[in-house]
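Proteins come first, then strands; the chains are lettered A, B, ... in the order of their sequence lines, and each starts at number 1.
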Amino acid sequence: MGNADTTIATNLRKGVVEFCVLALLRQEPSYGLALARQLQARGLISSDGTLYPLLVRLSGQGLVQSKWVTDDGPRPRKYYSLTPAGSARLEAFTRVWVPLRDAVDATVEEEP
Amino acid sequence: MLSYDDLPAASRAWLADLDRRTTELPPPARAELLEGIAAHLRDALAVDPGGEVRILADLGSTDDVAAEAVGAAPASDSAPPQGWVFNGKRAVQILALVLAVAGLVTAGLLPLATSVTETSDGVREVTRETLLAQNGPGILAILAVPVILTLVPVLLRGRAWFRGSIVCGVLLALGIGPAMMSVGFFFVPALLAAGVGMILPPRRRDA
């Protein structure tokens, strides 16, 4: 990927990655390392560390909540889950995103 | 800072570095950030105990994470930084303090006051002396007020910094204004600098 490609991808990711986190948490509550791996595998974050400022922000906005779970292994784990406000935000994003994505696809794939 | 004694040295150093770089965050958000990443490190090291270097590399640089965190902090656009930070506002307020001290020295310790005495045989003697000599040590207490009012904003932090800067700036103007034609004149530069420092926003990014 060239520099221009990287810049475009970075900018686009910034706008949507928080909704991807919400979407992953809609499926089931998860902990940081698992979320980071899922997002990295999909190329949605550039480094694991950038996930945590995002989780802090989502938590501050009341879109996700966290709690320590003690019965999931040798140590307590901090699990993140979606709040009702987070679900509503994700639904709103989906309503906007799908037609927007389709419009962009149609535009960039248009033959000259 | 929270304790991460259970983590290996490089991980503790990484967290300590991030802690230093995120002083602008509100304390709860800063603690949540560090706690989340510490939990990530514990989980990752449990899976791969010998992989600390790779795990830290996957986390990315503390600089990038801090930049993301400070930009993403709840209400960080309007809230002042919580710790003592040096930025443009602080620099101007330090300048105001220096100018106030210079005003105190100039007004109090230089022989600028003129006194005229007349002897019994009608000879008038004009002497120049310092305000200190003319009024006694008590004058220093009065002249120290502008210094104190410019020192306080330099020491404050967090929300108190923003509010204290306004209170001290207003008090300084109220004190110097009426005395503008006498000793207040020497503190005008400090007042101007304090006024600029008062209106500058406290965010570090404005430095």
Side-chain angles (χ1 to χ4, degrees), chain A residues 6 10-11 13-22 25 29-70 72-81 83 85-86 89, chain B residues 2 4-7 10-11 13-15 17-19 21-22 24-49 51-79:
Chain A
T6 304
T10 301
N11 288 334
R13 274 198 301 257
K14 275 184 183 171
V16 298
V17 69
E18 68 182 75
F19 299 104
C20 296
V21 172
L22 296 179
L25 292 176
S30 187
Y31 56 97
L33 178 64
L35 277 173
R37 287 190 169 167
Q38 286 177 289
L39 293 165
Q40 281 270 26
R42 296 168 193 228
L44 291 169
I45 54 174
S46 54
S47 62
D48 290 353
T50 55
L51 168 64
Y52 294 92
L54 180 57
L55 287 170
V56 170
R57 182 173 60 173
L58 292 174
S59 175
Q61 293 174 345
L63 303 179
V64 303
Q65 59 193 5
S66 62
K67 68 172 181 181
W68 289 96
V69 175
T70 54
D72 185 40
R75 292 175 317 287
R77 255 190 186 146
K78 190 174 190 181
Y79 270 83
Y80 299 89
S81 60
T83 64
R89 181 68 65 88
Chain B
L2 302 168
Y4 306 114
D5 292 342
D6 57 317
L7 290 171
S11 297
W14 195 97
L15 287 168
D17 191 38
L18 181 64
D19 189 35
R21 291 170 186 271
T22 51
E24 285 186 48
L25 286 178
R30 188 176 172 198
E32 190 178 349
L33 174 68
L34 292 164
E35 186 184 81
I37 296 181
H40 175 106
L41 286 166
R42 288 188 189 101
D43 284 336
L45 287 165
V47 175
D48 181 7
E52 188 182 22
V53 172
R54 179 192 57 76
I55 292 163
L56 291 176
D58 287 347
L59 273 179
S61 73
T62 52
D63 211 21
D64 288 346
V65 176
E68 187 75 22
V70 171
S76 66
D77 283 348
S78 56

Using every non-hydrogen atom in the two residues, find where [X] and [Y] come nearest and quote the distance to one decimal.
{"X": "A:Trp68", "Y": "B:Ala39", "result": "CH2-CB, 4.0 Å"}
{"X": "B:Leu33", "Y": "A:Pro53", "result": "CD1-N, 3.5 Å"}
{"X": "A:Gln40", "Y": "B:Asp58", "result": "NE2-O, 4.0 Å"}

ask   = Would you call A:Lys78 and B:Glu32 a side-chain contact if the rule is heavy atoms closer than 4.5 Å?
value =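 They are in side-chain contact.
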ask   = How far does CD of B:Glu68 sit from CD1 of A:Ile45, to the nearest 0.5 angstrom?
value =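 Spacing of CD (B:Glu68) from CD1 (A:Ile45) equals 10.0 Å.
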key: More than 12 heavy atoms from other groups under 6.0 Å of CZ on A:Arg89   =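 No, because the 6.0 Å sphere around CZ of A:Arg89 holds 12 heavy atoms or fewer from other groups.
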inquiry  = Please classify the contact of A:Ala36 with chain B as side chain, backbone, both or neither, using a heavy-atom distance under 4.5 Å.
reply    =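 Contact with chain B is through the side chain of A:Ala36 alone.
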request  = Give me the one residue out of A:Leu51, A:Thr50, A:Asp48 that meets side chain to side chain contact (heavy atoms under 4.5 Å, CB included) with B:Leu59.
outcome  =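 Among A:Leu51, A:Thr50, A:Asp48, the one meeting side chain to side chain contact (heavy atoms under 4.5 Å, CB included) with B:Leu59 is A:Asp48.
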